[in-house]
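See below for the structure under consideration.
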Amino acid sequence: QVQLVESGGGLVQAGGSLRLSCAASGRTFSGYAMAWFRQAPGKEREFVASITWFTSRTNYADSVKGRFTISRDNAKNTVYLQMNSLKPEDTAVYYCARGTGNSGSRYAPEYLYWGQGTQVTVSS
């Protein structure tokens, strides 16, 4: 019923910036937290950032805090991830996800709908 489509990934040099978008179709994400996760080759999927619905409270992984910003455009059913000061270790497939609730959890099992991912590659 809910489809999430990520876009905006690509190749960027270290220190550069990218903005990822996650467009939702079907049921809107109103009332639910949204999050970004990423998965690098050979590593487990890890939490990046989340944003709650009612208060727009945000949470960030320590590794991206101060560099990444998550935001929403409710009218467009879109969530964004602004990534600045990118590092090679940020290289991964980035996934957006809609939670089962509004907690903004950092744990993947608490998210029900997932996009297909967009590749981000940061070169030295």
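- With sequence neighbours left out, N102 forms a side chain to side chain donor-acceptor pair (under 3.5 Å) with no residue at all.
- In this view, Y60 satisfies the ring-ring contact (aromatic ring centres under 6.0 Å, His included) rule with no residue, not counting sequence neighbours.
- Here the OG atom belonging to S71 is positioned 11.5 Å from the CE atom belonging to M34, to the nearest 0.5 angstrom.
- Put simply, the side chain of S25 does not reach to within 4.5 Å of the side chain of V5, judged on heavy atoms.
- With E6 contributing its side chain and C22 its backbone, the two residues share no donor-acceptor pair below 3.5 Å.
- By the side chain to side chain donor-acceptor pair (under 3.5 Å) test, S56 pairs with R72, sequence neighbours left out.
- Between the side chain of Y111 and the backbone N or O of W36 there is no donor-acceptor pair closer than 3.5 Å.
- With hydrogens and angles ignored, the 3.5 Å screen pairs no side-chain donor or acceptor of T58 with any backbone N or O of I51.
- Pairing each heavy atom of G8 with each of T118, the nearest pair is N-OG1, 4.2 Å.
- The cluster map of Ile, Leu, Val, Met, Phe, Trp and Tyr, joined by side-chain heavy atoms under 4.5 Å apart, puts L18 and V122 in the same cluster.
- To the nearest 0.5 Å, atoms OH (Y94) and CG (L81) are separated by 7.5 Å.
- Because its NZ or CZ atom is not both nearer than 6.0 Å to the ring centre of Y113 and within 45° of the ring axis, R98 does not count as a cation-pi partner of that residue.
- Within a 6.0 Å radius of CD in E89, other residues, nucleotides and ligands contribute more than 12 heavy atoms.
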For this session: Kindly indicate, with the supporting measurements, whether the criterion salt bridge (charged side-chain N to carboxylate O under 4.0 Å, His left out) is fulfilled by D62 and K65.
Result: CA-CA 5 Å; D62 289 342; K65 194 173 298 182; 3.3 Å; yes
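- With rounding to the nearest 0.5 angstrom, the OG1 atom of T52 is 14.5 Å from the OH atom of Y32.
- Side-chain contact between Q119 and T91 is present, with heavy atoms from C-beta onward closer than 4.5 Å.
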Problem set entry | Residue pair R38, V120: steps toward the side chain to side chain contact (heavy atoms under 4.5 Å, CB included) verdict | CA-CA 9 Å; R38 67 186 182 186; V120 172; over 6 Å; no
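- W114 and F47 fall within a single hydrophobic cluster, where Ile, Leu, Val, Met, Phe, Trp and Tyr side chains are chained together by heavy-atom contacts under 4.5 Å.
- Rounding to the nearest 0.5 angstrom, the gap separating the CG atom in L4 from the OG1 atom in T78 is 10.0 Å.
- A cation-pi arrangement is absent between R45 and F37 under the rule of less than 6.0 angstrom and at most 45 degrees off the ring axis.
- The shortest heavy-atom contact between L20 and G9 is CD2-N, 3.6 Å.
- The shortest side-chain heavy-atom distance between D90 and R67 falls under the 4.5 Å cut-off.
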For this session: List the steps and the verdict of side chain to side chain contact (heavy atoms under 4.5 Å, CB included) for Y95 and Q39.
Result: CA-CA 8 Å; Y95 301 89; Q39 188 166 23; 4.2 Å; yes
For this session: Check the pair K76 / S21 against side chain to side chain contact (heavy atoms under 4.5 Å, CB included), numbers first and verdict last.
Result: CA-CA 11 Å; K76 296 181 178 180; S21 298; over 6 Å; no
Problem set entry | Test log, rule side chain to side chain contact (heavy atoms under 4.5 Å, CB included), inputs S17 and Q82 | CA-CA 7 Å; S17 298; Q82 178 66 47; 4.0 Å; yes
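- Cluster membership check: L112 does not share its hydrophobic cluster with Y107, using side-chain heavy-atom separations under 4.5 Å among Ile, Leu, Val, Met, Phe, Trp and Tyr.
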